[in-house]
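Heads up, the thing below is written out as C-alpha cells.
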Protein chains: 2
Amino acid sequence: MRKAPQQARSREMVERIVAAGRQVLVEHGYDAFSTNRVAAAAGVSPGSLYQYFPDKGAILDVVLDRYWAEVADQVAASLADRIGETGPGMVRATADALVGALEADPVALQVLAEELPLGRNRDRRADLERRVRDMVAIYLAARPDASQRPDPAVAAWVVVLALENLALRWVLDQPAAVTREALLDEVVALVGGYLTT
Amino acid sequence: MRKAPQQARSREMVERIVAAGRQVLVEHGYDAFSTNRVAAAAGVSPGSLYQYFPDKGAILDVVLDRYWAEVADQVAASLADRIGETGPGMVRATADALVGALEADPVALQVLAEELPLGRNRDRRADLERRVRDMVAIYLAARPDASQRPDPAVAAWVVVLALENLALRWVLDQPAAVTREALLDEVVALVGGYLTT
DNA sequence: GTTGAATGCGAGCGATGGCTCGCGTCACGA
DNA sequence: TCGTGACGCGAGCCATCGCTCGCATTCAAC
C-alpha cells in the first residue's frame with residue numbers, strides 16, 4: 001500500500017475499492033478487471049485509487065487475501081471446535097466445512113481459481129493447507145496407534161492435499177455422479193482407509 | 001487454423017512457430033508470450049504467423065494440446081501395459097508414469113500449470129483424467145470383490161483426482177519431507193486402503 | 001520460360017489499459 | 001476564521017500488443 005489512509009473517508013474509499021474489485025471480478029471476470037473499471041465500479045477516480053494502491057496487482061492481492069482467509073478461517077474454526085473428537089467425525093466435519101466455504105460463493109471461486117493464474121493463489125492456498133496440516137499432524141502424532149505408519153508429517157501432507165483438491169474439484173465441476181453426501185462419505189473412507197493401513 | 005499449409009516450407013514454419021511458442025513460454029514466462037515475440041523467436045514475421053493461426057490463443061492451444069497429450073499418452077501407455085496386473089502394482093506404476101511425465105520438463109509444467117489461467121488447461125486435464133478414469137473404472141467393475149463399495153464410477157473419480165493432484169503438487173512443490181519413493185508408497189497406501197475399506 | 005498461386009515480409013494501425021500529474025476540495029487544529 | 005496538509009478528481013500520456021495490408025519473393029505446373 002502506497003500510503004496509509006488517515007481520515008475516515010479515505011478508509012472508506014479503500015474499502016469501496018476492494019469491494020468493487022471483487023465485484024468486478026465476480027460479475028465480469030478477470031479480463032474486465034482493469035484499474036479504470038474497478039475505479040468506476042467503486043465510484044472513484046483512477047487517480048484516487050493509485051493514492052493507496054501501488055499497482056493493479058495490489059488490489060487483486062487484497063481481494064485474494066480476504067477470500068482465502070475467509071475459507072481458511074471457516075475450516076480452522078470447524079477443526080478447532082472438535083479437538084477431542086474421533087477421527088472419522090473430524091475428517092467429515094473438515095471436508096464439510098471446506099466444501100461449505102467454497103460453496104458460499106461458487107462464482108467467486110470459479111473466477112479466482114480458474115481465470116487467475118494458479119500462481120496468484122499459491123501462497124494463500126499454501127497457508128490454508130499449512131494451517132490444516134499442522135492440526136492434522138498434531139492429531140496424528142498423538143494417536144495411540146504406536147506403529148506411526150505412515151509418518152505423521154507425510155500423512156498430513158497427503159491427507160490435506162487429497163481433501164483440498166477433492167473438495168475444490170467437486171465444487172467447481174459438480175460431477176453428476178457424485179452427490180455432496182457421497183463426496184463426504186468417500187473422503188472419510190479414503191482418509192480412514194489410508195490411516196489404518 | 002486459418003489456412004492449411006500446403007508447401008513444405010510453410011509446414012516447417014508452422015512447426016517453428018509452435019516450437020518457438022513453447023520456448024518463449026518456458027524461457028520467459030507467459031507474460032512474454034506475445035505474438036511479436038513468438039514470431040521473432042521463430043524467425044518469422046508477425047504477418048506470416050497470422051496466415052496459419054487465427055489468433056494468439058490458437059498458438060497457445062497447440063502448445064498445450066501437445067504437452068498434455070504427451071503426458072496422457074505416457075500414462076495411458078503405462079496403464080495399457082499392465083492390464084492384467086495386480087492392484088497395488090498398477091497404482092504404483094500409474095503414479096510413477098504420471099510423476100515421470102510431469103518431471104520430464106518441470107519448468108514447462110510450472111509455467112503451463114501456474115502462470116496460465118487454470119481454465120486454459122481444464123479441458124486437456126479433463127481428457128487425461130477421463131482416459132485414466134475409464135480404465136480404472138473397468139478394472140474396478142471387474143474386481144471379484146462383490147461388495148462393490150465404493151461405487152466404481154465414484155471410486156474412479158476419487159482415485160484419479162487424488163492421484164493426479166498429489167503427483168502434480170509433488171512435482172511442483174518438491175516438498176522436502178516427501179521423497180519420490182515415499183510419494184509412490186503413500187499413493188499406493190491411500191488408494192489401496194480406500195478400495196479395501 | 002511463363003504465369004498464377006502460395007508464401008513471406010514488416011511497418012504500422014487501432015485499441016486498450018496501467019498509471020500520472022496538476023489542480024480543486026475538504027477536514028481539522030489553532 | 002484561517003491555513004495547511006490530506007484527499008480526490010479525471011483528462012490524458014505512453015507503452016504495449018494483437019493484428020492487418022500491400023507488396024515482394026518463391027514454388028510448381030505447363
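Lettering follows sequence order; numbering is per chain, from 1.
- Separating the CZ atom of R37(B) from the P atom of dG10(C) is a distance of 18 Å, rounded to the nearest angstrom.
- The base of dC19(D) does not come close enough to the side chain of D55(B) for any donor and acceptor atom to sit less than 3.5 Å apart.
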Kindly indicate, with the supporting measurements, whether the criterion side-chain contact (heavy atoms from CB on, under 4.5 Å) is fulfilled by V75(A) and M135(A).
-> CA-CA 11 Å; V75(A) 175; M135(A) 300 186 82; over 6 Å; no
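- Contact annotation: R2(A) reaches the phosphate of dT20(C) (side-chain N/O to OP1 or OP2, under 4.0 Å).
- Comparing G57(B) and A8(B), the nucleotide of DNA chain D nearest to each residue sits closer to the 5' end for G57(B).
- Looking only at distances, a side-chain donor or acceptor of T94(B) sits under 3.5 Å from a matching main-chain atom of M90(B).
- Look at T35(A) and you'll find a side-chain N or O under 4.0 angstrom from OP1 or OP2 of dG18(C).
- Put simply, CD1 on I17(A) is 11 Å from C1' on dG8(D), counting in whole angstrom units.
- Distance R9(B) CZ to dA6(C) C1': 7 Å, rounded to the nearest Å.
- In this entry the distance linking CD of Q7(A) with P of dG8(D) reads 7 Å, nearest Å.
- Distance H28(B) NE2 to dC17(D) P: 14 Å, rounded to the nearest Å.
- Using a 4.0 Å heavy-atom cutoff across all strands shown, S48(A) reaches at least one base atom of the nucleic acid.
- Computed from coordinates, the K3(A) NZ to dT20(C) P distance equals 13 Å when rounded to whole Å.
- Checked for salt-bridge contact, E27(A) and R22(A) miss the test: no charged N lies under 4.0 Å from a carboxylate O.
- Side-chain atoms of K56(B) lie closest to dG18(D) of the nucleotides dC9(D), dG18(D), dC19(C).
- Side-chain N/O atoms of S45(B) include none lying less than 4.0 angstrom from OP1 or OP2 on dG8(C).
- Here the P atom of nucleotide dA27(C) and the CZ atom of R11(A) are 14 Å apart, to the nearest Å.
- Side-chain N/O atoms of S10(B) include one lying less than 4.0 angstrom from OP1 or OP2 on dT7(C).
- Looking only at atom types and distance, the side chain of W68(A) has a donor-acceptor partner in the side chain of N121(A) under 3.5 Å away.
- In this structure, Y50(A) does not reach the dC9(D) phosphate: none of its side-chain N or O atoms is under 4.0 Å from OP1 or OP2.
- R124(A) has a carboxylate O that lies under 4.0 Å from a charged side-chain N of D61(A), or vice versa, which qualifies the two as a salt bridge.
- Backbone-only contact: Y52(A) has heavy atoms under 4.0 Å from sugar-phosphate atoms and none from a base.
- What separates CD of Q51(B) from C1' of dT26(D) is a distance of 13 Å, to the nearest Å.
- Mapping Q6(B) and P46(B) onto DNA chain C by nearest heavy atom places Q6(B) closer to the 5' end of the strand.
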